[in-house]
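Heads up: the structure comes next, in C-alpha cells.
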Protein chains: 2
Amino acid sequence: MGVLERKEREKKQRRNAILDAAEKIFFQQGLFNTSMDSIAKEAEFSKGTLYLYFKNKEELYRAVLLRGFILLEQKLKEALHDDASAYQNIINISTAYYKFSQDEDGYFNAILSYQDDEFDIDNLEVESGKSLKAGNRVIQILIDNIEKGRQDGSIDSNINPLESAFVLWSQFTGFLQMLKKKREIIDHYFSVSQENLLETYFLLVEKALRPR
Amino acid sequence: MGVLERKEREKKQRRNAILDAAEKIFFQQGLFNTSMDSIAKEAEFSKGTLYLYFKNKEELYRAVLLRGFILLEQKLKEALHDDASAYQNIINISTAYYKFSQDEDGYFNAILSYQDDEFDIDNLEVESGKSLKAGNRVIQILIDNIEKGRQDGSIDSNINPLESAFVLWSQFTGFLQMLKKKREIIDHYFSVSQENLLETYFLLVEKALRPR
DNA sequence: ATTTTAAAATGACCATTGGCCATTTTTAAT
DNA sequence: ATTAAAAATGGCCAATGGTCATTTTAAAAT
C-alpha cells in the first residue's frame, strides 16, 4: 500500500502505454516511417517523455521485439505435445513459427530486423540484451527437442543438437522471410505457390532430420 | 566518333564514378549511416548531381546491389565444374556463396537488405527491377543444377527443382546471415564455432538432397 | 568570332526527424 | 503552506534526403 509501490506500478503502466502506442504505429507504418512524434501523439505524451522511458527509438523497437519473442516462445511451447515424437514436435513448432510469421506480421518483421542486427556483445543496451536472451530461449526449445529426438530415435543420431538448432532456426527464418516478402514475385515470375514452397521445405527438413 | 556517342559514354562514366563513390561509402559506413552529401563529396560532385543520375538513395543502393548480384552470379558460375555431379556442383556453388558472404561484406549486406525488401511488382523502379532480375538469374543457376541432379541421379528425384531452389537459396541466405551477424554471440553464449555450424549445415543439406 | 540553345552541375533551401535540455507542472513530504 | 522531488513538456538543434531556380559549360547556329 506504500506510495512508492504505487508510483512504481504507475511508472510501469505508463511505460506499457508507450509501448502499446509504439507497437501500434510501428506495425502500421514500419520502423523507418514511424516518427517518435507520432508515437508520442498516439501515447498522449510529449516526445521528451518517451526518452524518459526508453533510451532511443532503437531501444523502443527492441522492447517491441522482446514482446514478440515472448509471444513466439509461448506459441512454440503450446505447439509441443508430450505424446508426440521429438521429430513431430520439431515439425509442430516449425508450423507454429510459420503461423506466427503469417499472423503476427509486426512482430515477425521485428524478428527479421533483429536477425540483421549485429550488436556489440560487451556494450548491450537494456532492451537489446533482454530480447537477445528471449531469442536464445526460443532457440533453446529447438535444442532441447533435437536432443530428445536423438534419444527417442525420431531424429538422426549423427546430428548435433546445438549446431543443428541454430541451422534450423536461421534457415527457417530465412525461408519464412522469403515467403513473406517475395511470395508475389515468385508467383509472378516462376508460378510457384506458397503452399508448394512450404511443402518442399518440410520435405527437405524431414529427409535431413530423420534417421537414415 | 560522333559527339553524341562521346557524350553518352561520358555520361556512363560519370554515373559509374558516382556508383564507385557510393559503394565505397556504403561499404564503409553502412546504408543508414551514409549521407548523400558524403557520397557527393567522395564522387566530387554536388549532391544535386547525384539526383540527375539516380532517383534517390534507395535506387543508388539498388544499383550497388545489382553489381553485387552480377559478381555473385559470376562467382557461382565459376564454381561449377562440368565433370562434377550436379549434387557436387550444388555444394560447389553453396561454398562459393559462403565465401562471397565472407569476402564481399558490402555486397552481401546489400543482398540481405534486398531479401528484406518487399516491392510493388507493378511499380518497380529502374535499379530495383534490374537487381530483381539479376537475383532471379542467380536462383536460376540453382534450378538448373537441381534439375540436372534429378537426371544424373545425384539428387533425390522426389525433389522439385523450382521449389527447392527457392528453399535452398532463402534458407542458405538466412543461415549465412546468422553466421555473419551472430557468430560472436553464438560463440559467447553457446560455445559453437562457425566451422561447426557450416559443417552441420552441409551435413543436413546432403541428407536432404541425396537420393534415399 | 559571336550568338543562341541545350545540357550539366550547382548549392542554397526546405521539410522531416531523432534526440536534448532548460523550464514548467505535478505530486509527495515536511 | 512550504519545500523538495519526480514527471512531463515543448522549443530547439543538427543532420539529412530531396528539390529547384540559377549558373556554368559545351555544342550548334549564324
Side-chain angles (χ1 to χ4, degrees), chain A residues 1-26 28-65 113 117 125-128, chain B residues 1-26 28-65 113 117 125-128:
Chain A
M1 54 128 281
V3 67
L4 239 96
E5 284 89 337
R6 198 201 72 221
K7 286 187 88 173
E8 198 58 42
R9 199 174 58 236
E10 285 174 349
K11 207 168 179 174
K12 271 189 186 164
Q13 282 170 351
R14 284 191 299 268
R15 199 193 119 103
N16 240 288
I18 292 174
L19 255 179
D20 288 339
E23 191 174 292
K24 180 173 175 185
I25 309 292
F26 277 141
Q28 273 173 14
Q29 326 246 9
L31 173 56
F32 298 115
N33 293 320
T34 295
S35 71
M36 291 299 274
D37 266 312
S38 65
I39 292 174
K41 196 176 170 188
E42 175 72 29
E44 294 177 300
F45 283 109
S46 77
K47 184 166 57 165
T49 301
L50 303 194
Y51 288 89
L52 299 177
Y53 292 85
F54 299 93
K55 193 185 177 190
N56 51 36
K57 191 180 173 182
E58 184 74 11
E59 276 280 283
L60 187 45
Y61 193 65
R62 288 282 167 262
V64 172
L65 167 66
S113 151
D117 238 57
E125 299 293 343
V126 184
E127 295 304 317
S128 299
Chain B
M1 54 130 279
V3 67
L4 239 97
E5 285 87 340
R6 199 201 70 222
K7 287 187 88 174
E8 198 58 41
R9 199 174 58 237
E10 284 174 349
K11 208 168 179 175
K12 271 189 187 164
Q13 283 170 350
R14 285 192 297 268
R15 200 192 118 103
N16 240 288
I18 292 174
L19 256 178
D20 289 338
E23 190 174 294
K24 181 172 174 185
I25 310 291
F26 277 141
Q28 273 173 13
Q29 327 245 10
L31 173 55
F32 298 115
N33 293 320
T34 295
S35 70
M36 292 300 272
D37 267 312
S38 65
I39 292 174
K41 196 176 170 186
E42 174 72 28
E44 293 177 303
F45 282 108
S46 77
K47 183 166 58 165
T49 301
L50 302 195
Y51 288 88
L52 299 177
Y53 291 85
F54 299 92
K55 192 185 179 191
N56 50 36
K57 191 181 175 182
E58 184 73 13
E59 275 281 283
L60 187 44
Y61 193 64
R62 288 282 167 262
V64 172
L65 167 66
S113 151
D117 238 57
E125 298 294 342
V126 183
E127 296 304 317
S128 299

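Reminder, nothing fancy here: chain letters follow the sequence lines and each chain counts from 1.
Between the OH atom of B/Tyr51 and the P atom of C/dA12 there is a distance of 17 Å, rounded to whole Å. For B/Lys7 and D/dA26, the NZ to P distance is 10 Å, given to the nearest whole Å. Distance CD (B/Glu58) to P (D/dG17): 12 Å, rounded to an integer number of Å. Rounded to an integer number of Å, the gap from B/Leu50 CG to D/dT16 P is 14 Å. Taking atom NZ of residue B/Lys55 and atom C1' of nucleotide D/dC20, one finds them 17 Å apart after rounding to whole Å. Taking atom CG on A/Leu52 and atom C1' on D/dA5, their separation rounds to 14 Å, with Å as the unit. Between B/Lys11 atom NZ and D/dT25 atom P there is a gap of 19 Å when expressed in whole angstrom units.
Nearest to the side chain of A/Lys57, among D/dG17, D/dT9, C/dG19, sits C/dG19.
Taken residue by residue, residues 13-23 of chain A places no heavy atom nearer than 4.0 Å to DNA chain C. Near DNA chain C, meaning a heavy atom under 4.0 Å away, the residues from residues 31-46 of chain B are B/Phe45, B/Ser46.
Here the side chain of A/Glu127 pairs no donor or acceptor atom with the backbone of A/Glu59 at under 3.5 angstrom. Checking side-chain atoms of B/Lys57 against main-chain N and O of B/Leu31 turns up a donor-acceptor pair under 3.5 Å. A/Lys55 places no side-chain N or O within donor-acceptor distance of the main-chain N or O of A/Val126, the cut-off being under 3.5 Å.
When side chains are defined from C-beta on, B/Met36 counts as touching B/Leu60, because their heavy atoms get closer than 4.5 Å. With a 4.5 Å cut-off on side-chain heavy atoms, A/Glu125 and A/Glu58 do not count as touching.
Shortest non-hydrogen contact noted between A/Ala40 and A/Ser46 is CB-C, 3.8 Å.
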B/Leu52 vs B/Arg14, side chain to side chain contact (heavy atoms under 4.5 Å, CB included): CA-CA, chis, key distance, verdict: CA-CA 11 Å; B/Leu52 299 177; B/Arg14 285 192 297 268; over 6 Å; no
Verdict with reasoning, B/Phe54 to B/Arg62, per side chain to side chain contact (heavy atoms under 4.5 Å, CB included): CA-CA 10 Å; B/Phe54 299 92; B/Arg62 288 282 167 262; over 6 Å; no
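Scored by the ring pair (Phe, Tyr, Trp, His ring centres under 6.0 Å) test, A/Phe45 finds no partners at all (sequence neighbours excluded).
At the heavy-atom level, A/Lys47 lies under 4.0 Å from base atoms of the strands shown. When heavy atoms are screened at a 4.0 angstrom cut-off, B/Phe54 is found touching no nucleic acid atom at all.
Contact check, B/Tyr53 against C/dA8: no side-chain N or O comes under 4.0 Å of OP1 or OP2.
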